[in-house]
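Here the structure is a predicted model, which means the values were calculated and not measured.
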Amino acid sequence: MSLAGNDFGGEPIPELFGELKSMRHLTLGDANFSGLVPPHLGNLSRLIDLDLTSYKGPGLYSTNLAWLSRLANLQHLYLGGLSTAFDWAHSLNMLPSLQHLSLRNCGLRNAIPPPLHMNLTSLEVIDLSGNPFNSPVAVEKLFWPFWDFPRLETIYLESCGLQGILPEYMGNSTSLVNLGLNFNDLTGLPTTFKRLSNLKFLYLAQNNISGDIEKLLDKLPDNGLYVLELYGNNLEGSLPAQKGRLGSLYNLRISNNKISGDIPLWIGELTNLTSLELDSNNFHGVITQFHLANLASLKILGLSHNTLAIVADHNWVPPFKLMIAGLKSCGLGPKFPGWLRSQDTITMMDISNTSIADSIPDWFWTTFSNTRYFVLSGNQISGVLPAMMNEKMVAEVRDFSNNLLEGQLQKVPENLTYLDLSKNNLSGPLPLDFGAPFLESLILFENSLSGKIPQSFCQLKYLEFVDLSANLLQGPFPNCLNISQAGNTSRADLLGVHQNIIMLNLNDSNLSGMFPLFLQKCQNLIFLDLAFNRFSGSLPAWIDELSALALLRLRSNMFTGEIPPQLTKMKELQYLDLAYNSFSGAIPWSLVNLTAMSHRPADNDSLSYIVYYGWSLSTSNVGVIMLANLGPYNFEESGPDFSHITSATNESLLVVTKGQQLEFRSGIIYMVNIDLSCNNLTGHIPEDISMLTALKNLNLSWNHLSGVIPTNIGALQSIESLDLSHNELSGQIPTSLSAPASLSHLNLSYNNLSGQIPYGNQLRTLDDQASIYIGNPGLCGPPLSRNCSESSKLLPDAVDEDKSLSDGVFLYLGMGIGWVVGLWVVLCTFLFMQRWRIICFLVSDRLYDRIRASFTKQSGRN
C-alpha cells in the first residue's frame with residue numbers, strides 16, 4: 001500500500017494498519033502524518049518495504065523501536081525525518097534481511113556501540129546523513145565497524161559533524177562502491193584507502209582536507225573512479241602531469257580550493273567526462289581547443305574565478321553540447337567568442353568579466369533563445385538593445401549590467417524573473433507596460449532613463465528588489481493605491497507590489513512628491529534609500545509598520561516637520577540617515593529603542609540579504625539532469641536547480657563618516673549609523689543615546705542643539721566618528737569621551753563649550769586636533785595654547801579690564817563726535833548768517849580791547 005505524497009493534515013498513523021498482517025509493502029513517505037509511530041506496525045511480519053519518511057508538518061517520532069525487531073523479513077527501511085529513540089542501533093541489528101537503511105535527518109546524537117553479534121550481513125546501503133551525533137566527533141569513534149559488512153556498497157554520512165582522518169580499518173570495505181562524506185570536517189584519507197578496489201563514487205566536498213592535491217590523488221584506488229568531488233576544501237599544489245587513475249572519470253569537481261598551475265592537456269583525454277568543474281582556484285595560463293576537442297560528452301564546464309584565457313579558432317565547432325557554462329573572469333575577448341555559436345543547448349551561462357569588447361552578434365539571440373539563466377555583465381559590449389532580445393529569448397534571469405549598451409528599455413518577456421541592465425547607457429522613458437508579471441528583481445541603476453515611473457510598476461506584485469537609482473527620472477512615485485470603483489475611498493487596498501518588496505533604492509533620481517504611500521504595507525522591506533531627490537512633506541506616523549527595515553536613507557531631500565517618535569520603534573533599524581533636510585523639533589528621547597544599534601551586526605543579519613543580492617553562477621552548487629550508462633552503476637544528479645545559484649552584487653553605498661564621504665560595499669552590513677546633520681533640530685541630545693553601544697557613526701552637526709553633551713557618551717564603545725559641531729552646546733566636554741578606543745574622528749567645533757579638554761591616549765591620536773575644538777572660546781588645555789590654570793585666575797580681571805576698556809573707548813568716541821558736530825554748527829552759522837558773523841566779531845573785538853586795557857592798567861601800577 002502506498003499513500004506517499006498525500007497530505008493527511010498532520011493526523012496520526014492509524015493503528016489499524018498494524019492489523020493488515022499480509023501487507024508486504026507500506027509506503028507513507030511525505031504524506032504529512034504526525035505523532036507517535038504505532039508499535040502495532042511490528043505485527044506486519046511479512047513486510048518487506050517500510051517507508052515512513054517524514055519531512056512535512058510536525059513529523060513522526062518513536063520512543064522505542066523495539067517493534068522493528070519483529071519485522072524479520074524487512075529488506076528496505078526508510079525512516080528519514082523520524083525522531084527516533086536511543087536504542088535504534090540494537091533494534092536495527094535484529095533485522096538480518098535488511099538491505100537498504102535510511103535514517104537521514106533523524107536527530108541521532110548518541111555514538112553507536114558495537115553489538116556483540118553483527119546480524120546486518122545483508123546490508124547494502126546505509127544513509128545516516130544529516131544527524132549531528134553530538135558533533136564534532138572523531139569519525140573512528142562514532143560507528144560500529146560496518147566497514148566489515150561483506151555486502152555493503154553505499155555509505156552516506158553527509159553533514160554529520162565528522163572530523164579527523166578516516167580510520168585505517170575503512171580499507172576493509174572492499175565491496176564499497178559509493179562513499180558520500182560531503183559537508184563534514186574531515187582532514188584526510190587513510191593509507192588503506194587504496195584497498196577500496198570497487199569504489200566508483202567518492203564525495204568529499206566541503207570538508208577541511210588540506211595539503212597537496214597530487215598526494216591526495218595518489219591515495220585513491222587504481223581501478224578508476226567515475227565521480228570525484230573535492231570542492232570546498234583547502235587543497236593546494238598543481239594537478240599531476242599524468243592523468244593516472246583518473247582516466248575513467250565522468251565527473252571531476254574540484255572547485256573552491258587553492259589549486260594552482262596550468263590546466264594539463266590530459267584533461268582532454270577524459271573522453272567520458274560530463275562535468276568539469278575547476279571554479280574558484282588559482283589556475284592560470286591558456287586553455288586551447290585541444291584541451292576540449294575530445295570531450296564529446298561534456299555537459300558542465302566550470303572555469304570561473306581563475307586566471308585563465310580560452311583561445312580557440314573563431315570558426316571552431318566543439319564536439320560537445322553544454323548545458324551549463326560558468327566562464328566568469330576567463331579571458332574570452334576582445335571579440336565575441338565564435339565557438340559559442342554551436343552551444344544552443346545551454347541552460348545556464350555566465351560569461352561576465354571576460355574582456356569582451358564587441359557588439360553582440362546576430363546569431364546570439366537565436367543560439368541562446370532557450371537559455372534560462374544568462375549573465376553577460378562586466379564587459380564592454382556595445383550596441384543598441386534590439387527588440388528581438390525580448391522576442392526570442394526566454395531567459396528567466398538576465399544580467400547584462402556594466403556594459404556599453406544603448407537604446408530604450410522595451411517591454412520584457414513574461415517569464416522573466418530577474419533583470420539587471422545597470423551601469424549601461426540606456427535612455428528614454430521606462431516602458432508603460434513592463435510585462436513580466438512574475439518579475440522579482442528590477443535593477444536599472446546608473447543609466448540615463450528619464451520620465452516618470454509608470455503606473456504599471458504597481459502591477460509587479462512579485463517584486464523583491466528594485467534599484468532605479470542614479471537616473472534622470474522625475475515626478476512623484478506612482479500611486480499604487482487601488483481605490484474601489486464604488487467610490488469608497490475609506491477602503492484602499494494596496495496592489496500586490498507591497499507583498500514581497502525587500503529593497504527599494506531610488507537615490508539620486510530627481511523624484512518628488514510625498515513619502516511613497518504604498519510603502520505602508522511593505523512589511524518585508526529591509527532597505528529603503530530615497531536620498532538625493534526632492535521628496536517633501538513630513539514622515540508618516542505609520543512608518544513604524546516597516547518593522548523589518550534595517551536601512552533608512554532620506555538624505556538631501558526637502559522633508560519637514562518633526563522626526564516621528566514611531567520611527568524609534570523599528571527594532572531592526574541599524575542605519576538611519578536624515579541629513580540635509582528641514583526636520584525641526586527635538587531628537588526623540590526614545591531613540592534608545594533602536595535595539596539593532598545596541599549589538600554588533602552579524603554576517604547573517606538582514607542587511608546581508610540586501611548586499612549580496614544578484615546572481616553569480618557557481619557550478620559546485622548547481623546540478624543538471626545527466627544519465628550515464630556505467631555498467632551496473634547508473635547515476636542521476638538532480639537539477640537544474642536555480643535555488644542554489646549564489647548571489648553577489650557590486651553596488652556600493654556612499655556614507656558620510658569621519659568627516660568625509662566613504663564608499664561601502666559589503667561593509668555596509670556592519671555599519672551602524674545615525675546622521676541627523678544639517679537640519680533645524682533643537683533641544684538637548686538624548687542622555688540615553690549612549691546605550692546604542694554598537695553605533696559607529698553619530699553625526700548631529702549643523703543643527704541648533706543646546707544643553708550639555710551627555711556625560712556618559714563615552715559608553716559608545718564602538719564609535720568611530722562623532723560630529724557635534726556647529727550647534728549651541730555648552731558646558732564641559734565629558735571626560736568619558738576619552739574612553740572609546742575605536743574613535744578616529746571627532747568634531748566639536750563652533751559650540752559654546754568651556755572648561756578643560758579631557759586628556760586621553762585615544763584623543764591624542766586624532767588628526768588635526770586644534771580644529772576639533774575651534775570656535776569654543778571657553779575651552780582650555782592641550783591641544784589649545786591657553787593654559788587652564790592661568791585662564792581660571794585671570795578670567796574675572798580680564799573681564800573687568802575688557803569692560804573698563806570698552807567704557808573708555810565709548811566715552812572718548814562720544815566726546816570726539818560731539819566736538820566735531822559742535823564745531824560744524826558754529827562754522828555753518830558764521831558762513832551763512834552775515835549779521836551774526838559781524839556781531840560775533842564786534843563782541844570779540846570789544847572783549848579783547850577791555851582785556852588789553854585792564855592788563856595795561858595793572859602793569860602801570862606795578
(message) Rounded to the nearest 0.5 Å, what separates atom CD1 in I563 from atom OG in S538?
(response) 12.5 Å
(message) Keeping Q762 on the side-chain end and L743 on the backbone end, is there a donor-acceptor pair under 3.5 Å?
(response) yes
(request) Locate the shortest heavy-atom distance separating L554 from F515; write the atom from each residue and the value. (result) CD2-CE1, 4.2 Å
(message) One pair to check against side chain to side chain contact (heavy atoms under 4.5 Å, CB included): L421 and D399. What are the steps and the verdict?
(response) CA-CA 6 Å; L421 289 170; D399 184 352; over 6 Å; no
(message) Using every non-hydrogen atom in the two residues, find where S456 and P431 come nearest and quote the distance to one decimal.
(response) OG-O, 4.0 Å
(request) Verify whether one side chain among N507 and N505 offers a donor that lies under 3.5 Å from an acceptor in the other. (result) yes
(request) State the CG-CG distance between L746 and L763, to the nearest 0.5 angstrom. (result) 6.5 Å
(message) Is it the case that the side chain of N703 and the backbone of L705 share a donor-acceptor pair, with hydrogens and angles ignored and the cut-off at 3.5 Å?
(response) no
(request) Of all the heavy-atom pairs spanning I719 and L722, show the shortest one and how long it is. (result) CG1-CB, 4.4 Å
(message) Run the side-chain hydrogen bond (donor to acceptor under 3.5 Å, both in side chains) test against D767 and tell me which residues pass, sequence neighbours left out.
(response) none
(request) Check whether more than 12 heavy atoms from other residues, nucleotides or ligands sit under 6.0 Å from atom OH of Y580, and answer yes or no. (result) no
(message) Checking the side chain of N500 only, and the main-chain atoms of L463 only, is there a donor and an acceptor separated by less than 3.5 Å?
(response) no
(request) For residues S512 and Q474, determine if any side-chain heavy atom of one lies less than 4.5 Å from a side-chain heavy atom of the other. (result) no
(message) For S509 and N471, which I'm curious about, is there any donor-acceptor pair between the side chains at under 3.5 Å?
(response) no
(message) Whether the S448 and S427 side chains hold a donor-acceptor pair (N or O, under 3.5 Å, no angle test) is what I'd like checked.
(response) no
(message) For the CG atom of L506 and the CG atom of N510, what is their distance to the nearest 0.5 Å?
(response) 12.0 Å
(request) State, yes or no, whether a side-chain contact exists between L546 and M570 at a heavy-atom distance under 4.5 Å. (result) yes
(request) Using modelled atom types only, decide if a donor and an acceptor are shared between the side chain of N447 and the backbone of L449 within a distance under 3.5 Å. (result) no
(request) Mark yes or no for whether R534, through its side chain, and G475, through its backbone, hold a donor-acceptor pair below 3.5 Å. (result) no
(request) For the residue pair L729 and I685, establish whether any side-chain heavy-atom pair is separated by less than 4.5 Å. (result) yes
(message) With heavy-atom distances below 4.5 Å as the criterion, would you say the side chains of D467 and M503 are in contact?
(response) yes
(request) Quick one: sort the F457 and F434 rings into parallel, tilted or perpendicular, breaks at 30° and 60°. (result) perpendicular
(message) Could you work out, with ring pair (Phe, Tyr, Trp, His ring centres under 6.0 Å) as the rule, every residue matching Y750, not counting sequence neighbours?
(response) H726
(message) Within the 3.5 Å criterion, strictly below it, is a donor on N533 or N557 matched to an acceptor on the partner's side chain?
(response) no
(request) Kindly indicate whether the side chain of D688, heavy atoms from C-beta on, has any atom under 4.5 Å from the side chain of L591. (result) no
(message) Please check this pair: side chain of N727 against backbone of L700, looking for a donor-acceptor N/O pair closer than 3.5 Å.
(response) yes
(request) Using atom types as modelled and distance alone, determine if a side-chain donor or acceptor of N581 lies under 3.5 Å from a backbone N or O of M558. (result) yes
(request) Could you tell me whether D675 and R555 make a salt bridge, using a distance below 4.0 angstrom between a side-chain N and a carboxylate O? (result) yes
(message) Quick check for you: to the nearest 0.5 Å, what is the distance between M691 atom CE and M597 atom CE?
(response) 14.0 Å
(request) Mind listing the closest non-hydrogen atom pair of V397 and L416 along with its distance? (result) N-CD1, 4.3 Å
(message) Taking the six-membered ring for Trp, are F477 and F518 closer than 6.0 Å centroid to centroid?
(response) yes
(request) Please examine the side chains of N425 and L405, heavy atoms only from C-beta on, and report whether any two atoms are closer than 4.5 Å. (result) no
(message) Quick check: do Q717 and P740 have side-chain heavy atoms less than 4.5 Å from each other?
(response) no
(message) With a 6.0 Å cut-off (strictly less than), is the heavy-atom count around CD of Q380, excluding the residue itself, greater than 12?
(response) no
(request) Heavy atoms only: give me the nearest N673-D577 pair and the separation to one decimal. (result) ND2-CB, 4.3 Å
(request) Please check if the side chain of S690 supplies one atom and the backbone of I713 the other of a donor-acceptor pair under 3.5 Å. (result) no
(request) Considering non-hydrogen atoms only, spot the tightest contact between T568 and S590 and give its length. (result) OG1-OG, 2.7 Å
(message) I'd like to check I709 versus L724 (side-chain heavy atoms, cut-off strictly below 4.5 Å). Are they in contact?
(response) yes
